[in-house]
*Asks:* 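Just dropping this structure here.
Predicted model only: the values in this text are computed from it and were never measured.
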Amino acid sequence: MIKGRLFYKKNEMKTVLITGANKGIGFETAKQLAQLGYFVYLGSRDKIKGLDAITRLKESGISTVEWIDIDVTDINSIKQAQQELETKVEALDVLINNAGIAGEQPQNISAVEMENLRKVFETNFFGAVQTTQQFISLLKRSTGPRIVNVSSELGF
């Protein structure tokens with residue numbers, strides 16, 4: 001269970017954007033943060049999977065969630081997501097860079113295709129950087145902004 005402070009000001013709901021939140025760690029994080037009282041923007045590049053995740057959360061009694069279209073490998077998608085979020089909130093309190101891919105396996109360094117590595121880096125590294133850069137202005141409006149970068153043994 002994720003533990004944390006819900007509010008900085010009385011009756012002010014904190015907002016969080018989680019990239020790659022339609023499954024796995026991102027989905028579970030969205031669920032737990034919503035249960036703690038955050039309004040969660042569940043980011044995913046696949047609308048059907050994103051809306052399905054929202055439906056599953058709402059069916060379990062969680063209503064403080066909304067899907068937002070974001071592909072961290074596409075700067076235009078990131079900019080559109082930031083512009084959309086800016087019309088909905090005054091500030092973003094938490095950005096969780098969770099979107100990531102494993103790439104084709106195995107990734108033996110002596111034989112791995114460079115295109116495979118480029119896709120992994122584009123998503124897992126550059127995606128997190130450009131998402132953070134694009135959302136920094138919304139984060140700066142928060143009284144206690146946080147950026148969380150999720151990684152695994154596949155992350156760089």
*Asks:* Please collect all salt bridge (charged side-chain N to carboxylate O under 4.0 Å, His left out) contacts where either partner lies in residues 39-58, sequence neighbours excluded, each pair once.
*Replies:*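 Qualifying pairs, neighbours excluded: Asp52-Arg56.
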*Asks:* Taking side chain to side chain donor-acceptor pair (under 3.5 Å) as the definition, give me every residue that meets it alongside Ser44, ordered by chain and number, with sequence neighbours left out.
*Replies:*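 With sequence neighbours excluded, Ser44 shows a side chain to side chain donor-acceptor pair (under 3.5 Å) to Trp67, given in chain and number order.
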*Asks:* Mind checking what makes side-chain contact (heavy atoms from CB on, under 4.5 Å) contact with Ala91, not counting sequence neighbours?
*Replies:*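 For Ala91, the residues satisfying side-chain contact (heavy atoms from CB on, under 4.5 Å) (neighbours in sequence not counted) are Arg141, Ser142.
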*Asks:* According to side-chain contact (heavy atoms from CB on, under 4.5 Å), who are the partners of Ile147, at least two apart in sequence or on a separate chain?
*Replies:* Asn97, Thr132, Ile136, Leu139, Asn149
*Asks:* Holding to side-chain contact (heavy atoms from CB on, under 4.5 Å), I want the full list of residues that pass it with Lys23, two or more places apart in sequence or in another chain.
*Replies:*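 Scan of Lys23 (side-chain contact (heavy atoms from CB on, under 4.5 Å), adjacent residues dropped) gives none.
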*Asks:* Are the side chain of Thr19 and the backbone of Ala99 linked by a donor-acceptor contact shorter than 3.5 Å?
*Replies:* yes
*Asks:* Sequence neighbours excluded, which residues qualify as salt bridge (charged side-chain N to carboxylate O under 4.0 Å, His left out) partners of Asp69?
*Replies:* none
*Asks:* Which residues satisfy the ring pair (Phe, Tyr, Trp, His ring centres under 6.0 Å) test with Phe39, sequence neighbours excluded?
*Replies:*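 If we apply the ring pair (Phe, Tyr, Trp, His ring centres under 6.0 Å) test to Phe39, skipping adjacent residues, the hits are Tyr41.
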*Asks:* In terms of heavy-atom contacts, does CD1 of Ile25 have more than 12 from other residues, nucleotides or ligands at under 6.0 Å?
*Replies:*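 Open: at most 12 neighbouring heavy atoms sit under 6.0 Å from CD1 of Ile25.
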*Asks:* For Thr64, what residues pass the side chain to side chain donor-acceptor pair (under 3.5 Å) criterion, not counting sequence neighbours?
*Replies:*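 Partners of Thr64 by the side chain to side chain donor-acceptor pair (under 3.5 Å) criterion come out as none, since no residue qualifies.
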*Asks:* Rounded to the nearest 0.5 Å, how far apart are CD of Gln133 and CD1 of Ile78?
*Replies:*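 These two atoms lie 9.5 Å from each other.
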*Asks:* For residues 112-122, which residue pairs qualify under side-chain hydrogen bond (donor to acceptor under 3.5 Å, both in side chains), counting only residues two or more places apart or in two chains?
*Replies:* none
*Asks:* Could you pull out all residues at least two apart from Thr15 that satisfy side chain to side chain donor-acceptor pair (under 3.5 Å)?
*Replies:*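 With neighbours one apart ignored, the set is Asp93.
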*Asks:* Checking Lys88 now: which residues fulfil salt bridge (charged side-chain N to carboxylate O under 4.0 Å, His left out) with it, not counting sequence neighbours?
*Replies:*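 Lys88 satisfies salt bridge (charged side-chain N to carboxylate O under 4.0 Å, His left out) with Glu66, Glu84 once adjacent residues are dropped.
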*Asks:* Between Ala21 and Asn98, which heavy-atom pair has the shortest distance, and what is it?
*Replies:* N-ND2, 4.4 Å
*Asks:* Is any side-chain heavy atom of Gln82 less than 4.5 Å from a side-chain heavy atom of Lys79?
*Replies:*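 Result no, sub-4.5 Å side-chain heavy-atom pair not found.
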